[in-house]
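Residue numbers start at 1 and run along the sequence shown. These figures come from a predicted structure and were not determined experimentally.
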Amino acid sequence: MVVQNPNPLITTIIPTFRRPKLLRRAINSVLRQTYPHFQICVFDNASGDETGPVVAEFAKTDSRVKYHCRRENIGPGLNFAYAMESVETPYFSVLSDDDVLLPSFYQTALAGFERWPEAVCSVTATVQVYSQGHVHSVPISRWKPGLYRPPEGMLAMVKYSHPEWTSVLFRKEAIQMAGGLDPETGGPSDLDFELRLAARYPIVVSKQPGALFVVHPEGCSSTPDLSLFWPGGAKMIRNLVQDEHIPAEARAYAERVLSARLKSVLTAYGLGSLARRNLDDAFKVAEVLGNHYGLRTRARLLRAAASACRLFPPARYPVAAVRKLRSSLRDATLAPRRRQLQQRYGAYVRYLDF
């Protein structure tokens, strides 16, 4: 897959729904790229607000900005999938409307393809920041730069952390190679796509920051919702386990690690549901832990706690206190690392002011 055109065209996909102010910032971040050969395709999921006029304002002065608006809302997952299926250029990237590309993202990513033309995607670092400007994490900080042959990229995602696709440049062929987005995976559909792609094809990684992923109260990453990881997380694991093109040893490792992580996330979410008085979700998690994973003792305890909270609502306060203490201890443990990240990557938060 050698690049023939020295200036290949890139499509920036921006699915959006009712966030015109943040969308304006996202579009501006693309327009300030040092690599100029791109088009921005905004896929409006029937916002019915100022989204259309905001995009029209950009399109009036820059023909690279294009607008697609659905008549009815089809949900975020299908909107993302439709946007990806519409790509016709050699390369594309996916930018959430609340995130920001750093100016040299496309230039850096294309340099990775030039050095490793066999790669199907070129990964740069994502700096996860709070909306107030504090650095939260950098998911690929423990990765080594360079080429990852299959299934090394998938194993690195499982062992460490997966790159946010906000700062990944994909070849158009990657959509067909990975089979597109799996709607049954729901919340983790982006991770599922990346895992399936990296399990079978080479990827190239740069440690140079390419984008800012913004953690804010309106974002799905900050909003507790069981559908963000169940049952989609289980479907994601099955997609890897059932792919016989992936070496059996790699599949077994991925299943073991990802299943353990999912069980831990489910347990934490179940306890959090008690504190939030979302008892229906607590009972759902207990059912999943007991019936799907065979963790009957854990399920019984969670079910008993949910029943107690239903009969005597103040029973949730000890759970909330323990969760708050655990959160404080975790923050204290992570504080030195976050100070290091702030010192190293803090300068990039100025790009939130696009």
Participant: How long is the gap from CG on Leu101 to CG on Leu95, to the nearest 0.5 Å?
Facilitator: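 The distance works out to 4.5 Å.
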Participant: With the threshold set at 4.0 Å, does a side-chain nitrogen-carboxylate oxygen contact exist between Asp49 and Arg18?
Facilitator: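 Arg18 and Asp49: not salt-bridged.
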Participant: Should we count CD of Glu50 as having more than 12 external heavy atoms under 6.0 Å?
Facilitator: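 No - once you tally the heavy atoms of other residues, nucleotides and ligands closer than 6.0 Å, there are 12 at most.
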Participant: Does any N or O in the side chain of Arg32 come within less than 3.5 Å of the main-chain N or O of Ser29, such that one atom is a donor and the other an acceptor?
Facilitator: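 No.
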Participant: Students often mix this up, so state it plainly: with edges at 30° and 60°, are the rings of Phe113 and Tyr91 parallel, tilted or perpendicular?
Facilitator: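 Correct class here is tilted.
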Participant: Would you say Asp99's side chain and Val214's backbone share a donor-acceptor pair under 3.5 angstrom?
Facilitator: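 At least one qualifying donor-acceptor pair exists.
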Participant: Cut-off 3.5 Å, side chains only: do Gln107 and Gln33 have a donor facing an acceptor?
Facilitator: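 No.
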Participant: What distance separates Leu31 CG from Thr61 OG1, expressed to the nearest 0.5 Å?
Facilitator: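 Going from CG on Leu31 over to OG1 on Thr61, the span is 8.0 Å.
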Participant: Distance check, rounded to the nearest 0.5 Å: Arg24 atom CZ versus Thr16 atom OG1?
Facilitator: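 Nearest 0.5 Å value for the CZ-OG1 distance: 12.0 Å.
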Participant: Let me know which of Arg337, Lys324, Arg338 forms a salt bridge (Lys or Arg N to Asp or Glu O under 4.0 Å) with Asp331.
Facilitator: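 It is Arg338; the other options fail the test.
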Participant: Okay, side chain of Glu194, backbone of Trp165: is any donor-acceptor separation there less than 3.5 Å?
Facilitator: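 Indeed, once roles are kept as given, a pair shorter than 3.5 Å links the two residues.
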Participant: Arg64 side chain to Ile40 main-chain N or O, any donor-acceptor pair under 3.5 Å?
Facilitator: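 Looks like no, no N/O pair under 3.5 Å.
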Participant: For a quick test of reading the model, state the closest non-hydrogen atom pair linking Tyr269 to Arg276 and the distance between them.
Facilitator: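 Nearest heavy atoms, Tyr269 then Arg276: CE1-NH2, 3.4 Å.
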Participant: Do the side chains of Glu255 and Arg238 get close enough for a salt bridge, i.e. N-O under 4.0 angstrom?
Facilitator: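 Salt bridge absent between Glu255 and Arg238.
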Participant: Distance alone, cut at 3.5 Å: any donor-acceptor contact between the side chains of Ser273 and Asp281?
Facilitator: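 No, because no side-chain N or O of Ser273 sits under 3.5 Å from a partner of the opposite role on Asp281.
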Participant: Side chains of Gln208 and Thr108 only: does a donor on one sit below 3.5 Å from an acceptor on the other?
Facilitator: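 No.
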Participant: Where the side chain of Gln342 meets the backbone of Val135, is there a donor-acceptor pair that is under 3.5 Å apart?
Facilitator: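 Between the backbone of Val135 and the side chain of Gln342 there is a qualifying donor-acceptor contact (under 3.5 Å).
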Participant: Taking the six-membered ring for Trp, are Trp143 and Tyr148 parallel (under 30°), tilted (30 to 60°) or perpendicular (over 60°)?
Facilitator: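 It falls in the tilted class, 30° to 60°.
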Participant: Counting N and O atoms only, with roles assigned by atom type, does the side chain of Asn73 sit under 3.5 Å from a partner on the main chain of Asn45, one being a donor and the other an acceptor?
Facilitator: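 Yes, Asn73 side chain to Asn45 backbone: donor-acceptor pair under 3.5 Å.
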Participant: Do Thr333 side-chain atoms and Leu329 backbone N/O form a donor-acceptor pair below 3.5 Å?
Facilitator: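 Yes, because the side chain of Thr333 sits within donor-acceptor range (under 3.5 Å) of the backbone of Leu329.
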Participant: Judged by modelled atom types alone, do Tyr293 and Ser259 share a side-chain donor-acceptor pair under 3.5 Å?
Facilitator: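 Short answer, no.
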Participant: Specify whether Tyr106 and Phe38 have parallel, tilted or perpendicular ring planes, treating 30° as the upper limit for parallel and 60° as the lower limit for perpendicular.
Facilitator: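 Ring orientation of Tyr106 relative to Phe38: tilted.
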Participant: Would the distance check show the side chain of Thr166 and the main-chain N or O of Ala211 forming a donor-acceptor pair, the cut-off being under 3.5 Å?
Facilitator: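 No.
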Participant: Answer yes when Glu118 and Arg149 have at least one side-chain N-carboxylate O distance shorter than 4.0 Å, and no when they do not.
Facilitator: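 Salt bridge flag = yes for Arg149 with Glu118.
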Participant: Does Tyr82 have Arg70 sitting over its ring (NZ/CZ under 6.0 Å from centre, angle to axis within 45°)?
Facilitator: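 Here Arg70 passes the 6.0 Å and 45° test against Tyr82.
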Participant: Quick check against the 3.5 Å criterion: does Asn79 have a side-chain atom that pairs as donor or acceptor with the backbone of Ile74?
Facilitator: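 No: the side chain of Asn79 does not pair with the backbone of Ile74.
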Participant: Side chains of Asp192 and Ser189: any donor to acceptor distance under 3.5 Å?
Facilitator: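 No - no donor-acceptor pair under 3.5 Å links their side chains.
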Participant: Does the separation of the ring centres of Trp230 and His292 fall below 6.0 angstrom?
Facilitator: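 Between Trp230 and His292, the centre distance is under 6.0 Å.
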Participant: Go through the steps to decide whether Arg298 and Thr267 satisfy the test side chain to side chain donor-acceptor pair (under 3.5 Å), and finish with yes or no.
Facilitator: CA-CA 8 Å; Arg298 192 181 304 186; Thr267 301; 2.8 Å; yes
Participant: Where do Ile13 and Ala83 come nearest, in terms of heavy atoms and distance?
Facilitator: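 Closest approach of Ile13 to Ala83, heavy atoms only: CG2-CB, 3.2 Å.
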Participant: Could you tell me which non-hydrogen atom of Pro209 sits nearest to which non-hydrogen atom of Val127, and how far apart they are?
Facilitator: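 Looking at all heavy atoms of both residues, the shortest contact is CB-CG2, 4.0 Å.
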Participant: Which atoms form the tightest heavy-atom contact between Ala286 and Arg303, and what is the distance?
Facilitator: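 For Ala286 versus Arg303, the nearest heavy atoms are O-NH2, 3.8 Å.
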Participant: Look at the rings of Tyr345 and Tyr348 and say which category their plane angle falls in: under 30° parallel, 30 to 60° tilted, over 60° perpendicular.
Facilitator: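 Answer is tilted, since the angle falls between 30° and 60°.
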Participant: State the CG-CG distance between Leu212 and Asp98, to the nearest 0.5 angstrom.
Facilitator: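 Rounded to the nearest 0.5 Å, the CG-CG separation comes out at 11.5 Å.
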